[in-house]
Amino acid sequence: MTELLRIEHLGISPRNDPQHMLVKNISLSLARGKTTCIVGESGSGKSLTALSIMQLLSKQLVMQGRVLFEGQDISRLDNAQMQCIRGKQIGMIFQEPMTSLNPVLTVGFQIGEPLQIHIGLKGSALKQKVASLMTQVGIDPARADSYPDELSGGQRQRVMIAMSIACEPALLIADEPTTALDVTVQAQVLRLLDALKDRMQMAMLFITHDFGVVADIADDVIVMFRGEIVERGPVSQVLNQPQHPYTRALLACVPDAEGKKQLQPIRYDWLTPA
Ligand SMILES: Nc1ncnc2c1ncn2[C@@H]1O[C@H](COP(=O)(O)OP(=O)(O)OP(=O)(O)O)[C@@H](O)[C@H]1O
Ligand SMILES: [Mg+2]
């Protein structure tokens, strides 16, 4: 395993209430070419964990621990140094695309911005690359001159995905990236991310509520509960032989709907009755 990112003893608490740990003693390691899914109920600290890697936590919060990226502790870098890493070496798809896009800039400009800043692409080469990225995420490149509010929620989410993968980052952090998409587009985007991961040997940290997605793309799974990791392991182990009662409860909540066929091998006799 080639380790790309390591989080050591991450803790997050409100600045004005340091005893109240929102995230407690999280340690994890991500390898190149592998996808790790984080699952857990709402409020369990998934997004805070993701944001802390990028040093994008709110100023009201304080962080303990270290984040090592390619062996370097990036939790101590200043903002200018982080800017060079964000969007280039580490891409992030945020949970709320509406608040992450600039309403006064066209989506084509915003997809091209990281390519201009980090790689120096311009002119027709830039335009071509933006069109190719838009095609890859399933948006007609003719929409490049549209503004975010002229697109649907799902299209905006796809713009965010195109921006995040533009520079082919070594690590992609995706916080519920496909929740707003319909099933067909979701499948298409998952295939795209999976293919990029294989082609670029990209590491992916993928936050989701959807065990169908987990079964589809995860190599490893981390289960969070109330700010802590309660279970982790290879996807087949966590889905088929969940050890922690909370993981069993989460799996027991998975709806028995069509489209969840990947979950059929799960032995529900392992689960405690709801
Ligand atoms: N700026 C903040 N100040 C105080 N508490 C916060 C702040 N941001 C988040 N929290 C709290 O930290 C906890 C973890 O939040 P987080 O956003 O990481 O949850 P999550 O697991 O991503 O949930 P969801 O699945 O709903 O996205 C929550 O209880 C949340 O209310
Ligand atoms: Mg979240």
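For ligands, and for the atoms within them, numbers begin at 1 and follow the listed sequence. Reckoned from all heavy atoms, side chains included, excluding hydrogens, waters and symmetry mates.
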Under-2.8 Å protein N/O/S neighbours of the Mg ion (ligand 2), ordered by chain then residue number
Ser47 OG, Gln95 OE1
Could you state the interatomic distance from NZ (Lys34) to CG (Leu30), rounded to the nearest 0.5 Å?
12.5 Å
Treating [X] as the side-chain partner and [Y] as the backbone partner, does any N or O pair qualify as donor plus acceptor under 3.5 Å?
| X | Y | value |
| --- | --- | --- |
| Gln237 | Pro234 | no |
| Gln241 | Leu239 | no |
| Arg232 | Asp220 | no |

Is the shortest side-chain N to carboxylate O distance from [X] to [Y] below 4.0 Å?
| X | Y | value |
| --- | --- | --- |
| Lys197 | Asp219 | yes |
| Arg226 | Glu228 | no |
| Arg32 | Glu70 | yes |
| Asp216 | Arg191 | yes |

Sub-4.5 Å side-chain heavy-atom contact between Gln110 and Pro148:
yes
Pairs of nitrogen or oxygen atoms, one from ligand 1 and one from the protein, closer than 3.5 Å: please tabulate them with distances.
residue	atom	partner	partner atom	Å
ligand 1	1 (N)	Gln60	OE1	3.4
ligand 1	18 (O)	Lys46	N	3.4
ligand 1	18 (O)	Ser47	N	3.3
ligand 1	18 (O)	Leu48	N	2.9
ligand 1	21 (O)	Ser44	N	3.1
ligand 1	21 (O)	Gly45	N	3.0
ligand 1	21 (O)	Lys46	N	2.9
ligand 1	21 (O)	Lys46	NZ	2.9
ligand 1	22 (O)	Ser47	N	2.9
ligand 1	22 (O)	Ser47	OG	2.9
ligand 1	23 (O)	Gly43	N	2.8
ligand 1	25 (O)	Lys46	NZ	2.7
ligand 1	25 (O)	His209	NE2	3.4
ligand 1	26 (O)	Ser42	OG	2.5
ligand 1	27 (O)	Gln95	OE1	3.1
ligand 1	27 (O)	Gln95	NE2	2.9

